[in-house]
Amino acid sequence: MSSTPARYNFHETEARWQKVWDERQTFRAVMDRAKPKYYVLEMFPYPSGRIHMGHVRNYTQGDVIARYKRARGFNVLHPMGWDAFGLPAENAAMEKKVHPKKWTYENIATMKVQLKSMGLSLDWSRELATCDPSYYRHQQKMFLDFWNAGLAYRKEAWVNWDPVDNTVLANEQVIEGKGWRTGAAVERRKLTQWNLKITHFADEMLERLDTLKRWPEKVRLMQANWIGKSRGARVFWDLTDASGAAPSKNGRGKLEIFTTRPDTLYGASFMALSPEHPLTAELAADDPGLQRFVAECRKTGTAAAEVETAEKVGYKLPLLARHPLMPGKTVPVYAANFVLMEYGTGAIFGCPGHDERDHEFATKYGLPILPVVAPAGVDTKAFSVADAPFVEDGVIINSDFLNGLGVEDAKARVIARLEEMGVGKGTTQYRLRDWLVSRQRYWGCPIPAIHCEKCGIVPVPVKDLPVKLPDDVTFDRPGNPLDRHPTWKHVDCPKCGGKAQRETDTFDTFIDSSWYFDRFTSPGLETAPFDREENQYWMPVDQYIGGVEHAILHLLYSRFWTRAMREVQMTSRDEPFDGLFTQGMVCHETYKSSDGQWLLPEEVIRDGGKTLRVSDRRPVEVGRSEKMSKSKKNVVDPDQIIRDYGADTARWFMLSDSPPERDLEWTEAGVTGAWRFQQRLFRIASTALEQVPPAGTPKPASFSEAAITLRRAAHKTIAGLSADIEAFHFNKAVARLYELANSIDSVKAAGDDSATWALREALEIFVRLIGPMTPHLAEELWQALGHRSLLADSPWPLPEDALLVDDTVTVAVQLNGKLRGTIALPKDAPKEAAEKAALAHPDLVRGLEGRTPKRVIVVPNRIVNVVV
RNA sequence: GCCCGCUUGAUGGAACUGGUAGACAUAUCGGACUUAAAAUCCGAAGGCCGCGAGGCCGUGCUGGUUCGAGUCCAGCAGCGGGCACCA
């Protein structure tokens with residue numbers, strides 16, 4: 001009768017094994033000092049509603065590593081949680097009239113079911129949500145500790161303000177100068193806000209980047225640029241008012257500037273203050289023209305396009321600055337729109353000869369342009385910088401004691417002189433700014449502080465933690481519901497007992513994600529964020545995996561938080577993540593109907609060479625492949641894929657073809673290809689199982705040629721695949737498995753006992769090797785092979801060294817570097833033998849046309865190159 | 001503007017420290033099975049020339065180093081990413 005093997009029923013199989021792993025708590029992690037630990041972590045998701053393909057890719061990669069390391073004998077920690085605070089929950093509250101808490105927890109429930117359907121080897125007993133008071137109470141406590149240690153402070157600063165939502169926005173929430181949610185032009189506002197002193201660790205965080213050997217070079221570079229270290233000098237200039245009178249009242253006497261080019265001080269022709277500089281503000285008090293100028297500057301957005309096109313404008317102040325190195329010389333002082341208050345001292349000296357911006361400004365206001373650096377070898381008298389500034393290295397001119405020096409030498413000399421004279425000093429300046437963490441938002445962790453009219457700002461006593469978010473809030477109006485809550489913010493001052501008010505701002509949600517990996521080491525612990533011993537055992541994270549979009553924000557903040565914890569003696573660790581891998585995005589073609597509507601992939605059908613809309617059969621415009629996004633509708637739902645093809649297929653496809661750090665193009669053809677392979681594997685295994693000897697059959701004394709060939713293939717695959725997984729070359733690992741499957745499928749073992757034994761061996765190896773990638777199918781076949789233990793609990797196979805090398809090798813024969821043919825030689829054949837065999841190759845002889853070889857190069861086991 | 005990365009068949013991509021370019025997969029084409037289709041199995045395939053044996057060309061472009069270059073060096077182009085009035 002029909003011997004057609006049964007089809008692999010992934011629905012039933014996947015559910016069954018997930019249940020077994022769950023019931024046996026296979027992936028539960030327990031501290032065990034006898035075993036080496038391995039902490040695998042993927043960036044935890046924001047519970048937006050449903051998982052997307054980016055999650056599937058991320059968690060599949062992490063799961064391969066986790067399952068592989070487990071099989072290699074490591075005690076693996078692989079936890080999952082929820083980055084549960086954030087704006088979308090409040091938006092949902094406003095739009096759908098659902099409470100943020102309800103919305104968030106419902107999303108978590110949905111997404112947890114989805115993640116479970118992927119068959120991930122997660123320890124769910126450690127699950128956490130950052131919006132849970134049992135989590136954020138520790139965060140509040142740590143904040144108080146940091147505050148005590150001087151790492152948290154309140155500061156008045158210029159911030160981005162969304163006038164419609166009435167909240168501060170982070171820089172990354174300002175797109176093209178507009179609030180990302182409201183589209184309203186962002187204003188600059190001066191507000192007193194909470195900051196964390198990340199700049200305290202700027203230098204250390206920069207230096208330690210070099211030691212993060214298992215981080216992508218790209219990410220380290222981005223962080224280095226973000227921290228932005230520059231060497232330079234601070235220079236103090238005496239100010240006089242226009243009458244030339246002596247330095248005046250109110251600290252107007254001195255102006256401190258920062259420059260990276262102190263070597264060009266002799267080329268100074270003006271000074272420029274930020275419109276937000278305190279001195280500007282002071283002078284504006286009785287100068288309506290200056291007030292108008294400052295207000296005008298504030299209106300200009302910070303978006304790149306605006307900044308580029310914005311003209312440089314200045315407002316001349318009634319001040320002169322005395323050159324610190326040139327007695328008697330004074331230069332005019334301006335307020336100028338291109339000077340940033342946040343960098344350096346908020347004031348600069350202008351050297352139009354050697355700076356693009358200064359040049360533009362000086363040209364506009366008719367200020368002198370004096371060259372002080374000339375290109376080497378140019379006639380200095382004829383050298384001019386009228387049209388464009390000269391910004392490269394050269395020789396110093398017109399600069400007294402600096403003349404003739406190179407730029408770097410001149411910098412050192414002038415700094416030494418400034419320091420001698422007490423009018424300046426060499427300094428290091430960082431681009432990095434302190435982390436502004438206040439948000440005028442409800443769905444976040446409350447900042448544990450109290451404002452008292454008498455005592456000022458007072459920390460919430462530790463015994464009163466956590467400061468819980470109230471549930472009874474309304475979202476009928478924009479703004480922060482905490483601020484207008486009838487009772488929540490009214491409290492007694494913990495110091496004087498008088499009437500006081502709670503801080504109604506909440507923390508930036510990036511704080512929540514700055515230490516969750518530490519919390520995973522001690523879930524549920526009430527008395528502290530984590531148990532020291534457990535934490536010391538499990539941390540640091542050995543392998544962290546996530547999107548490159550967090551290269552700066554989350555990864556920088558986490559490095560800071562770890563150092564802040566070290567500062568308050570909670571740990572002795574410097575770095576949280578030993579290894580980092582940044583995976584690429586999942587992309588899909590985009591589709592647009594003839595009337596300009598974006599279409600979902602399932603609304604589109606291919607018919608011959610044409611792409612048509614399913615509903616009306618009208619042609620569809622196919623756009624380039626982009627990151628899957630709801631707005632362009634080029635999304636595929638993981639649930640649907642898992643339902644139609646199974647989790648193993650989805651996982652397999654995610655790992656195939658594209659290197660994991662690169663973008664992956666999601667295609668229907670790719671998925672069906674992956675699906676067909678699962679079916680084929682099941683068929684190959686089922687057929688092979690009919691002819692293999694039972695488990696435990698003794699190894700034959702000798703092997704046939706076919707058996708040896710198969711054994712070699714299997715054992716080489718073990719070695720190669722292990723290396724591929726360690727190196728995150730999953731696409732290559734997949735290719736190797738295809739090759740082994742082809743070898744198994746094509747072997748003729750019938751009637752050859754050594755070959756059937758080798759077939760069982762190869763099959764066992766194969767099933768063990770696909771375990772990390774397609775765990776359900778692997779577990780199913782493992783049982784079919786007659787095992788009673790779980791594959792998930794079985795060790796990784798070890799290759800037999802003797803089978804990793806061939807005894808004959810194919811050596812290429814070249815004539816003048818061009819391939820003429822190949823010869824088969826015993827491995828490690830002597831050079832003379834190789835040369836002799838090559839020279840006898842008919843194609844080479846014909847190519848020689850009777851010429852005598854000038855030289856013969858023999859690369860053992862690889863190539864013989866004959867040169868004439 | 002500054003910094004970084006990438007560029008290999010129709011397509012995704014392989015190629016260890018310079019040593020047989022195109023593994024593996026997808027799509028395509030041909031064949032088998034089938035009444036037919038799907039599924040499956042077998043086979044072909046970088047380009048050009050040739051009936052054929054075979055030859056020539058070929059890893060974005062132009063040069064260089066080398067017995068030998070996808071790989072190293074110099075210059076250029078295209079694509080992508082990060083930062084950006086940071087003094």
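Heavy-atom basis, side chains included; hydrogens, waters and symmetry copies ignored.
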**OP:** Check whether the side chains of A:Thr60 and A:Arg651 place a donor and an acceptor atom closer than 3.5 Å, and report yes or no.
**Re:** no
Subject >> Carboxylate-amine/guanidinium proximity below 4.0 Å for A:Lys411 and A:Glu408 >> reply: yes
Original post:
A:Ser230 near the nucleic acid: base, sugar-phosphate alone, or nothing, with a heavy-atom cut-off under 4.0 Å?
Top reply: sugar-phosphate
**OP:** May I ask you to say what A:Lys818 touches in the nucleic acid, namely base, sugar-phosphate or nothing, with a heavy-atom cut-off under 4.0 Å?
**Re:** sugar-phosphate
Original post:
Among B:rC3, B:rC24, B:rC86, which is the nearest nucleotide to the side chain of A:Asn225?
Top reply: B:rC3
Subject >> Between P of B:rC3 and CG of A:Leu209, the distance in whole Å >> reply: 19 Å
**OP:** Calculate the interatomic distance between A:Arg736 atom CZ and B:rC24 atom C1'; express it in whole Å.
**Re:** 11 Å
Original post:
Where along nucleotides 40-47 of chain B does protein come under 4.0 Å, by heavy atom, of base (B) or sugar-phosphate alone (S), with - for untouched nucleotides?
Top reply: SS------
Expected list for residues 580-588 of chain A: side-chain donor-acceptor pairs under 3.5 angstrom, two or more places apart:
residue  : atom : partner  : partner atom : Å
A:Gln583 : OE1  : A:Gly547 : N            : 3.4

Original post:
Contact class for A:Phe258 vs. all strands (heavy atom < 4.0 Å): base, sugar-phosphate, or nothing?
Top reply: base
Original post:
Separation of A:Leu556 atom CG from B:rC83 atom C1', in whole Å?
Top reply: 14 Å
Subject >> Given B:rC86, B:rA87, B:rA23, the nucleotide with the shortest approach to the side chain of A:Thr260 >> reply: B:rA87
Original post:
Looking only at side chains, do A:Arg559 and A:Gln223 share a donor and an acceptor under 3.5 Å apart?
Top reply: yes
**OP:** Under the side chain to side chain contact (heavy atoms under 4.5 Å, CB included) rule, collect the residues that match up with A:Leu370, sequence neighbours excluded.
**Re:** A:Val372, A:Asn398
Original post:
For A:Asp203, what residues pass the salt bridge (Lys or Arg N to Asp or Glu O under 4.0 Å) criterion, not counting sequence neighbours?
Top reply: A:Lys229
Subject >> Rounded P spacing from B:rG19 to B:rG12 in Å >> reply: 24 Å
Original post:
Taking the P atom of each, how far is B:rA45 from B:rC24, in whole Å?
Top reply: 13 Å
**OP:** Starting at atom CZ of A:Arg433, determine the distance to atom C1' of B:rA84, rounded to an integer number of angstrom.
**Re:** 11 Å
**OP:** Look at the aromatic rings of A:Phe10 and A:Tyr8 and report parallel, tilted or perpendicular, splitting at 30° and 60°.
**Re:** tilted
Original post:
Listed by chain and number, what are the salt bridge (Lys or Arg N to Asp or Glu O under 4.0 Å) partners of A:Glu217, not counting sequence neighbours?
Top reply: A:Arg220
Original post:
Under the salt bridge (Lys or Arg N to Asp or Glu O under 4.0 Å) test, which residues partner A:Arg57, sequence neighbours left out?
Top reply: none
Original post:
From B:rA21, B:rC3, B:rC86, pick the nucleotide closest to the side chain of A:Leu819?
Top reply: B:rA21
**OP:** Identify, between A:Met341 and A:Lys218, the residue whose nearest nucleotide on RNA chain B lies closer to the 5' end.
**Re:** A:Lys218
Give me, pair by pair, the N or O atoms of the protein and of nucleotides 7-17 of chain B that are less than 3.5 Å apart, along with how far apart they are.
residue : atom : partner  : partner atom : Å
B:rG12  : O2'  : A:Ser658 : OG           : 3.3
B:rG12  : N2   : A:Asp657 : OD1          : 2.8
B:rG13  : O3'  : A:Asn731 : ND2          : 3.3
B:rA14  : OP1  : A:Asn731 : ND2          : 3.2
B:rA15  : OP1  : A:Lys732 : NZ           : 2.3
B:rC16  : N3   : A:Arg862 : NH2          : 2.8
B:rC16  : N4   : A:Arg862 : NE           : 3.4
B:rC16  : N4   : A:Arg862 : NH1          : 2.8
B:rC16  : N4   : A:Arg862 : NH2          : 2.1

**OP:** Indicate, with a heavy-atom threshold strictly under 4.0 Å, whether A:Arg234 touches base, sugar-phosphate, or nothing.
**Re:** nothing
**OP:** Specify the separation, in whole Å, of atom CH2 of A:Trp652 and atom C1' of B:rA25.
**Re:** 11 Å
Subject >> Side-chain donor-acceptor pair present, A:Thr199, A:Asp434, cut-off under 3.5 Å >> reply: yes
Original post:
Looking for any heavy atom pair under 4.0 Å, which part of the strands does A:Asp843 touch: base, sugar-phosphate only, or nothing?
Top reply: nothing
Original post:
To the nearest angstrom, how far is A:Glu256 atom CD from B:rA87 atom P?
Top reply: 16 Å
Original post:
Does B:rG9 fall in syn (glycosidic angle within 90° of 0) or anti?
Top reply: syn
**OP:** Would you please classify the geometry between the A:Phe270 ring and the A:Tyr334 ring as parallel, tilted or perpendicular, with 30° and 60° separating the classes?
**Re:** perpendicular
Subject >> B:rC76 versus B:rU11 - spacing of their P atoms, nearest Å >> reply: 29 Å
Original post:
If the C1' atom of B:rG30 is compared with that of B:rG68, how far apart are they to the nearest Å?
Top reply: 39 Å
Subject >> A:Lys312 charged N/C atom sitting above A:Phe338 aromatic ring, 6.0 Å / 45° >> reply: yes
**OP:** Taking atom C1' in both B:rA74 and B:rG50, compute the distance separating them and give it to the nearest angstrom.
**Re:** 41 Å
Subject >> Shortest side-chain distance from A:Arg846, nucleotide among B:rG54, B:rC56, B:rA23 >> reply: B:rG54
Original post:
For residues 261-273 of chain A, which residue pairs qualify under salt bridge (Lys or Arg N to Asp or Glu O under 4.0 Å), counting only residues two or more places apart or in two chains?
Top reply: A:Arg261-A:Asp263
**OP:** Using the test side chain to side chain contact (heavy atoms under 4.5 Å, CB included), find all partners of A:Ala713 that sit at least two apart in sequence or belong to another chain.
**Re:** A:Leu740, A:Ser743
Subject >> Residues A:Asp724 and A:Arg736 bridged, charged N to O under 4.0 Å >> reply: yes
**OP:** Only pairs at least two apart or in different chains count here, so list each side-chain hydrogen bond (donor to acceptor under 3.5 Å, both in side chains) that has a residue in residues 808-824 of chain A.
**Re:** none
**OP:** Write down the distance between OH (A:Tyr343) and C1' (B:rA87), rounded to a whole number of angstrom.
**Re:** 7 Å
Subject >> Protein-to-nucleotide contact annotation, 5' to 3' order, nucleotides 66-71 of chain B [B base; S sugar-phosphate only; - none; under 4.0 Å, heavy atom] >> reply: -B----
Subject >> B:rG58 to B:rU71 separation - P atoms, rounded to the nearest Å >> reply: 13 Å
Original post:
Roughly how far apart, to the nearest Å, are B:rG81 and B:rC56 at atom C1'?
Top reply: 41 Å
Original post:
Nearest to the side chain of A:Leu221, which nucleotide is it out of B:rC4, B:rA87, B:rA84?
Top reply: B:rC4
Original post:
What stems involve RNA chain B, if each pair must be Watson-Crick or G-U and both of its distances must be under 3.5 Å, with 3 or more such pairs in a row?
Top reply: B:1-7 with B:77-83, B:10-12 with B:24-26, B:28-32 with B:40-44, B:46-49 with B:54-57, B:60-64 with B:72-76
**OP:** For B:rC61 versus B:rA69, give the span between their P atoms, rounded off to a whole number of Å.
**Re:** 15 Å
